[in-house]
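What follows is a set of notes on a single structure, which appears directly below.
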Amino acid sequence: MSDDARSLAATDGARVELEDVAVSLGDTDVLEAVSLSVEPGEFVGLVGPNGAGKTTLLRAMSGSLEPDRGVVDVDGAPLCERSSKAASRLVAVVPQNTRLSFSFDVRTVVEMGRYPHRSRFSPPGEGDRTAVDRALERTRTAQFADRPIDEVSGGERQRVVLARAIAQQTPVLLLDEPTASLDVNHQVETLELVRELVAEGRTAVAAIHDLNLAARYCDRLVVLSEGGVLESGPPEAVLNRDVLDAAFDANAVVTESPVTGTPTVTALRATNAETTVPDRIHVVGGGSTAASVVAELAAADCVCTVGPVASGDAAAELARGQGFETITVEPFAPLSADDRTAVREALEAADVTVVADLEVGAGNQLLLEELAGRESLVVLEDRPFAERNHAGERARALYERCRGRGVVASPTEVLEAVAEAAARPEPSRTELEADDD
């Protein structure tokens, strides 16, 4: 059977293999020696900074761009050896630019996906109409099927173009930033739909700029950088600080999402090279403020201990994800003797202690007594004291003593505040006795 006569069912996957692919545009080398393979029923995400070559690689994989060197093989034969129509029965593309030159209605646009399966002048058959109706239904675009394509929103147009690719019923689906024009809800819907198609057997490759979405939905990530493959593997293996730094020049921390169980990347501001942060820091506090502090310190290569903190708290989860020692307690429970001993040992081992937006209440009085006797303190305040004050005179006095001894700053200044606290000279015995009076 000839390539032009061949027709594959939607659930028949196809293997895609690239060997030593290089592409130059003008005097610029966009891709250089790219080799990778994608198996049937696999969803691969292409990630990397702008200009890394993601779109060019997708164009080479679709056959719309012939490499200067190397081979793109789809379903066992080089794509360049197939006719345009045969290639279109193997590979469907959802481009980043979804604007069309003519004002066709939405149904007609989706029906264009059936052209590779018909002779040039034959009208749509029953199978074509069924495929179009199903694609409109799966992308939730049937409700505006009769509307002109230039009268729908950018996000709706993105879904229409995806419907066209689904109606094309190819074993390979290539998507260039498929969620770029979509709101959060439709981003999830779109990638859930791609996962469904992959579960049915299709091969999918998508350039995705959102690393968290890529990690959540893709079986494997291929990190492109400077025209080559920097790293390839499961999201949990690929997304780490070293790869993110090399590919994106990003200061980031990677944790496991407590909801999806997939890697979550949090980009942080770059550390000032002149800021000298001590090696070991203890963090006291909970919630989002303490979690952001732990993330900043982890990205600065500090070793942290955290606690006491309620089990399940955001700071506790983040600390555990980074492999930091965490002292966890039951919510609202007073410190036990063992907990207090563990806290005291962590405070003594730390070069600096960071008190992160601490609630000042009777339940924290024992903790405040431990903190008030410490040196090298940083007190971070994200909320007014009145919102955190639930205690009597004793607890308030202990907290004020911490403020008097420590460096008071906002959470965004944590690294600078820690460096300042570490550089302060130790107080004399007379100064400490005066504080205690």
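In what follows, residues are counted from 1 in the order of the sequence shown. These values consider heavy atoms only, across backbone and side chains, with no hydrogens, waters or symmetry-generated copies.
Minimum interatomic distance between G155 and L182 (heavy atoms only, all atoms of both residues): O-CD2, 3.2 Å. Contact record, S376 with A421: OG-O, 3.8 Å, taken as the closest heavy-atom pair. A pairwise comparison of heavy atoms in L239 and P263 identifies CD1-CB, 4.1 Å as the closest pair. When all heavy atoms of F43 and A206 are compared, the pair lying nearest together is CE1-CB, 3.8 Å. The two residues P67 and V72 make their nearest non-hydrogen contact at CG-CG2, 4.1 Å. Here the closest heavy-atom approach between residue G53 and residue V30 is recorded as CA-CG1, 4.0 Å.
At a threshold of 4.0 Å, the pair R138-E196 counts as salt-bridged, since one of the basic side-chain nitrogens sits closer than that to a carboxylate oxygen. Using a cut-off of 4.0 Å between Lys/Arg side-chain N and Asp/Glu carboxylate O, E156 and R140 are scored as not salt-bridged. Comment: R216 does not engage D210 in a salt bridge, judged by the lack of any side-chain N to carboxylate O separation of less than 4.0 angstrom.
The structure places SG of C402 at 6.0 Å from CG of L368, a figure rounded to the nearest 0.5 Å. Note: R320 CZ to T255 OG1 = 12.5 Å, rounded to the nearest 0.5 Å. Here E189 contributes atom CD and D183 contributes atom CG; the two are 8.5 Å apart, rounded to the nearest 0.5 Å. Atom CG of residue L221 and atom CD of residue E236 lie 9.0 Å apart, to the nearest 0.5 angstrom. Between the CZ atom of R157 and the CZ atom of F144 there is a distance of 11.0 Å, given to the nearest 0.5 Å. Atoms CD and OG1, from E296 and T266 in turn, are 10.5 Å apart once rounded to the nearest 0.5 Å.
A donor-acceptor pair is defined here as one N or O able to donate and one able to accept, closer than 3.5 Å; such a pair exists between the side chain of D128 and the backbone of G125. Judged purely by atom type and a 3.5 angstrom limit, Q168 uses its side chain to pair as donor or acceptor with the backbone of V91. For T108 (side chain) and F104 (main-chain N/O), no donor-acceptor pair under 3.5 Å exists by modelled atom type. In this structure, the side chain of R107 does not engage the main chain of A142 through any donor-acceptor pair within 3.5 Å. Checking side-chain atoms of E370 against main-chain N and O of R340 turns up no donor-acceptor pair under 3.5 Å. With hydrogens and angles disregarded, no donor-acceptor distance shorter than 3.5 Å links the side chain of D105 to the backbone of R147. In terms of modelled atom types and a separation under 3.5 Å, the side chain of D357 and the main chain of E381 share no donor-acceptor contact. D73 places a side-chain N or O within 3.5 Å of a backbone atom of A77 that can act as its donor or acceptor partner. Under the 3.5 Å distance criterion, the side-chain polar atoms of D150 are left unmatched by any main-chain donor or acceptor of S103. A donor-acceptor pair under 3.5 Å links the side-chain atoms of T170 to the main chain of A92, judged by distance alone.
Residues V74 and V172 meet the side-chain proximity criterion, which asks for heavy atoms closer than 4.5 Å. Inter-residue side-chain proximity for L297 and L415 is flagged as met; some heavy-atom pair is nearer than 4.5 Å. D75 places a side-chain heavy atom less than 4.5 Å from the side chain of R82. In this structure, V93 and R59 have side chains that are not in contact, with every pair of non-hydrogen atoms separated by 4.5 Å or more. The closest side-chain heavy-atom distance from V152 to V106 is below 4.5 Å. Counting heavy atoms from C-beta outward, L136 and V110 have side chains that approach closer than 4.5 Å. With a 4.5 Å cut-off on side-chain heavy atoms, V47 and L224 do not count as touching. Residues L162 and I166 meet the side-chain proximity criterion, which asks for heavy atoms closer than 4.5 Å.
By the neighbour-count criterion of 12 heavy atoms within 6.0 Å, atom CD of E17 is densely surrounded, having more than that number from other residues, nucleotides or ligands. In the displayed structure, N185 atom CG is contacted under 6.0 Å by more than 12 heavy atoms of other residues, nucleotides or ligands. Heavy-atom neighbours of D279 CG from other residues, nucleotides or ligands within 6.0 Å: at or below the threshold of 12. No more than 12 heavy atoms of other residues, nucleotides or ligands sit less than 6.0 Å from atom CD of E66. Counting heavy-atom neighbours within 6.0 Å of E42 CD, excluding the residue itself, gives a total above 12.
Using modelled atom types and a 3.5 Å distance limit, the side chains of T341 and D338 yield no donor-acceptor pair. Defined by atom type and a distance below 3.5 Å, a donor-acceptor pair is missing between the side-chain atoms of D20 and S35. If you check the side chains of T328 and T326, you find no donor sitting under 3.5 Å from an acceptor. At a cut-off of 3.5 Å, with distance as the only test, a side-chain donor of T55 or D176 sits close to an acceptor on the other residue. Side-chain contact annotation: D133 with T130, donor-acceptor N/O pair under 3.5 Å absent. Judged by distance alone, the side chains of E192 and Y217 do bring a donor and an acceptor atom under 3.5 Å apart.
When R114, R134, R89, H117 are each tested for a side chain to side chain donor-acceptor pair (under 3.5 Å) with Q169, only one passes: R114. E39 pairs with exactly one of R15, R220, R202 by the salt bridge (Lys or Arg N to Asp or Glu O under 4.0 Å) rule, that one being R15. In summary, of the residues considered (T305, T353, D351), a side chain to side chain donor-acceptor pair (under 3.5 Å) with H282 occurs for T305 alone.
Residues forming a side chain to side chain donor-acceptor pair (under 3.5 Å) with E177 (at least two apart in sequence, or on another chain): H209.
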For a side chain to side chain contact (heavy atoms under 4.5 Å, CB included) check, start with the C-alpha distance between V205 and V222, then their side-chain angles and the critical distance, and finish with the verdict.
CA-CA 10 Å; V205 182; V222 174; over 6 Å; no
Can you check side chain to side chain contact (heavy atoms under 4.5 Å, CB included) on N251 and D245, steps first, answer last?
CA-CA 6 Å; N251 186 33; D245 180 38; over 6 Å; no
Take L46 and L58 through the test side chain to side chain contact (heavy atoms under 4.5 Å, CB included) and record every step on the way to the result.
CA-CA 9 Å; L46 303 179; L58 287 175; 3.9 Å; yes
Could you go through I149 and V160, starting from their C-alpha distance and side-chain angles, then the distance that decides it, and tell me whether this counts as side chain to side chain contact (heavy atoms under 4.5 Å, CB included)?
CA-CA 8 Å; I149 189 65; V160 170; 3.8 Å; yes
